Number of protein chains: 2
Amino acid sequence: MPTDLKQLSARLGLSATTVSRALNGYDDVSAKTRERVEQMARELGYQPNRTARRLARGRADAVGLVYPLDAGDLGDPRFLEVIEGLSDRLEADDMDLLLASARERTELRTYQRLISGGRVDGVIVARTRVVDERIDYLQRVGVPLVAYGRTAQPDGFAWFDFDNEAGMVLAVQQMVALGHRRIGYLHAPLSLCFAAQRQAGFQRAMQAAGLAVDPALVVEGGLSHRTGHAAAQRLLAGPTRPSALIVDNNLCGMGAVRALLDAGVAIGRELSVIVYDGVPDDVLRAGMRIAAIGQPTAYRAGETMAEMLLALMRGEPLPDRHRLLQPVFEPGNSIGPPAAG
Amino acid sequence: MPTDLKQLSARLGLSATTVSRALNGYDDVSAKTRERVEQMARELGYQPNRTARRLARGRADAVGLVYPLDAGDLGDPRFLEVIEGLSDRLEADDMDLLLASARERTELRTYQRLISGGRVDGVIVARTRVVDERIDYLQRVGVPLVAYGRTAQPDGFAWFDFDNEAGMVLAVQQMVALGHRRIGYLHAPLSLCFAAQRQAGFQRAMQAAGLAVDPALVVEGGLSHRTGHAAAQRLLAGPTRPSALIVDNNLCGMGAVRALLDAGVAIGRELSVIVYDGVPDDVLRAGMRIAAIGQPTAYRAGETMAEMLLALMRGEPLPDRHRLLQPVFEPGNSIGPPAAG
DNA sequence: TTGAAAGCGCTAACAC
DNA sequence: GTGTTAGCGCTTTCAA
């Protein structure tokens, strides 16, 4: 049995109240008493019982993270960095991080379980969708939330996101500057918000460049190696090959690059490639570096979201409820001018 | 405010006691009463407050998973599957999964926080070490635990593991059967239990085959792409190249394979390669499949460990406290007879 | 079969 | 400054 507050206060000849206050940093405790209390607490290795504290305070001191397995997030190393940043920052405030898995179909119910059971008092919503019932639900019940990504109506809640549209514009501009006109586009399901935004950027930049978007060159590539691989093959099999290809996510990008290599396509000469979020160098052919649209470290994203959520849970006003980070273009040797002809 | 037990019982004209019992499946409640209670609970969307229940029952209804960031687990897709299996199974028993990150140096303290604060009542210990103070600590304080991997003294606690030694013996036997005699070995830090076991298998199988282990061909390759890459380069630069190479983990294996490809080594002809746990096909050159020692799905491993831990926490005797799964050899075209000369 | 009462370990009004 | 008292919302003896 670990020492409890009663024992501790008995040993000190003080009331539990005083001890509690001393330990929780209230200022109506004499310096001397606090000193003694802290000393003794250390000596006995006293750790307040979390559950009791939670019940008394009416807070769960925990935040929930539901990861939709179907979405393939688990395979995304960037998302893992996000988790890392999240949990590190939460831990600093002595908050627990509850991880719940969910198939997309049961996801909402998972949130409900977490919320109405009082297991968490704040939530991180990952992989936002253009229309997102999870966020609607959380807002309706008034649970503090920070979304990792926006939705179609992004004003009512706090979020952290990268400027996906601007990022994709960068990608198109690179290709256009090199002289490409037939630009192919491989994208994740457009119900995902980031995919919709990136596609909007694609359309906008193409139009701005006076280029037509050839529907035959726009392919849904899913959100995994496998689907990306298959989609790239479909694209290659089409009547007119593009001279440039932009892939809107790294998972599918990896599969696509693989497919191109398999098909013997000379990346960067026959076909220029940019992958949003990039492809790790070490999975590629020697010396190859895929040009990318890069995002500032995912770890920081996690930290920042934790920070925002903590403030919300404390009821503090958030200086900026919306953080939109600008992606940057990261050069590579996977792009070049279109092949003659 | 969600409905609480008091409101629910008031609505029913029953005491909280009875309602609680009805809902928790006690048998001293009349069928009719139970019926009514369940009906009304559903109607009001009653969800018992977890914190209160926890305090009353003296259990946390949660298990902790501390992942050592330094170890590179986060990058290991297999470990993520394990988490998936774990959380799915725990959820079925209405248990929370607490995720805590930790640098190796602060790891023990993280466990202490979880335990003595009563945040969890059971723990999964990942990446066991040959001498593992975490397990010593947990046993000392009597917390139910299931280890993912063994230690040097594996008898006192429940664990789930693959037969690493046997797996590595398989790998060596394959190489030997093909006629290899100069077999190189790239391994993770030997303080990690799986690495030590696999190395033991390597030594044993080499000896059994009457082959000497050339110290120059045994290189520590770490537990990441980067270190594996570097280690393979070191090996290639050595005075006598091996004709076969075995890598004891997938992370480092990926980097090593990359390094070989970069160096223009004809894998499977100039140099045969087996990677423990395998390298995903889609990161390789077209048509290449790295021979591997494979382990039954990691998802099942997670599920099984959850199952074991749940039983332990319920105080049930565990039919088999130790689960040792046999790995299998998975063929590929990365191996062949040694090149002539 | 049901209810009253006590208590899980802590925090927070309120009084001294 | 410190102590008294009353909960937080549930479970669980113990009586009825």
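Below, read A as the first sequence line, B as the second, and so on, with proteins coming before strands; counting in each chain starts at 1. Being a predicted model, the structure only gives us computed values, none of them experimental.
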Gap between atoms NZ and P, on B/Lys6 and D/dG9 respectively (whole Å):
8 Å
List the atom of A/Ala102, the atom of A/Thr110, and the distance in Å for their closest heavy-atom pair.
CB-OG1, 3.6 Å
Do you know the tightest heavy-atom contact between A/Pro154 and A/Trp159?
O-NE1, 2.8 Å
Contacting residues from residues 23-46 of chain A, given that a heavy atom lies under 4.0 angstrom of DNA chain C
A/Asn24, A/Tyr26, A/Tyr46
Between CG of A/Leu55 and C1' of C/dA12 the distance, given in whole Å, is 13 Å
Find the distance A/Asp61:CG to D/dC8:C1' and express it as a whole number of Å.
14 Å
Restricting to non-hydrogen atoms, name the atom on A/Asp121 and the atom on A/Met313 that form the minimum distance, rounded to 0.1 Å.
O-SD, 3.4 Å
Spacing of A/Arg54 atom CZ relative to D/dC10 atom C1', expressed in whole Å
16 Å
Between N or O atoms, less than 3.5 Å apart, protein on one side and nucleotides 13-16 of chain D on the other: list the pairs.
none

From the options D/dC10, C/dT11, D/dG3, select the nucleotide whose nearest atom is closest to the side chain of A/Arg57.
C/dT11
Looking only at heavy atoms, what is the nearest atom pair of A/Tyr148 and A/Val82, with distance?
OH-CG2, 3.7 Å
List the atom pairs, with distances to 0.1 Å, where a side-chain N or O of residues 38-48 of chain A and a protein N or O form a donor-acceptor pair under 3.5 Å, not counting sequence neighbours.
residue : atom : partner  : partner atom : Å
A/Gln39 : NE2  : A/Glu43  : OE2          : 2.9
A/Gln47 : NE2  : B/Ser116 : OG           : 3.4

If you take all heavy atoms of A/Ser87 and B/Tyr67, which pair is closest and at what distance?
OG-OH, 3.4 Å
Euclidean distance, atom CZ of residue B/Arg50 to atom P of D/dT11 [Å, nearest integer]
10 Å
A/Leu5 CG to C/dT11 P, in whole Å, measures 7 Å
Let me spell it out: for each of B/Thr18 and A/Arg53, pick the nucleotide of DNA chain C with the closest heavy atom. Which residue's pick is nearer the 5' end?
B/Thr18
Checking contacts here: which listed nucleotide (D/dG3, C/dT11, D/dG9) is nearest the side-chain heavy atoms of A/Leu14?
D/dG3
A quick test of your reading: do over 12 heavy atoms of other residues, nucleotides or ligands sit less than 6.0 Å from CZ of A/Arg321?
yes
Rounded off to whole Å, could you give me the CG-to-P distance for the B/Leu8 and D/dT11 pair?
11 Å
Atom pair distance, as rounded to whole Å: CG in A/Asn49 and P in C/dG7:
18 Å
Closest contact, heavy atoms only, B/Glu91 versus A/Ala100
OE1-CB, 4.3 Å
Could you tell me whether A/Asp96 and A/Arg54 have a side-chain N and a carboxylate O separated by less than 4.0 Å?
yes
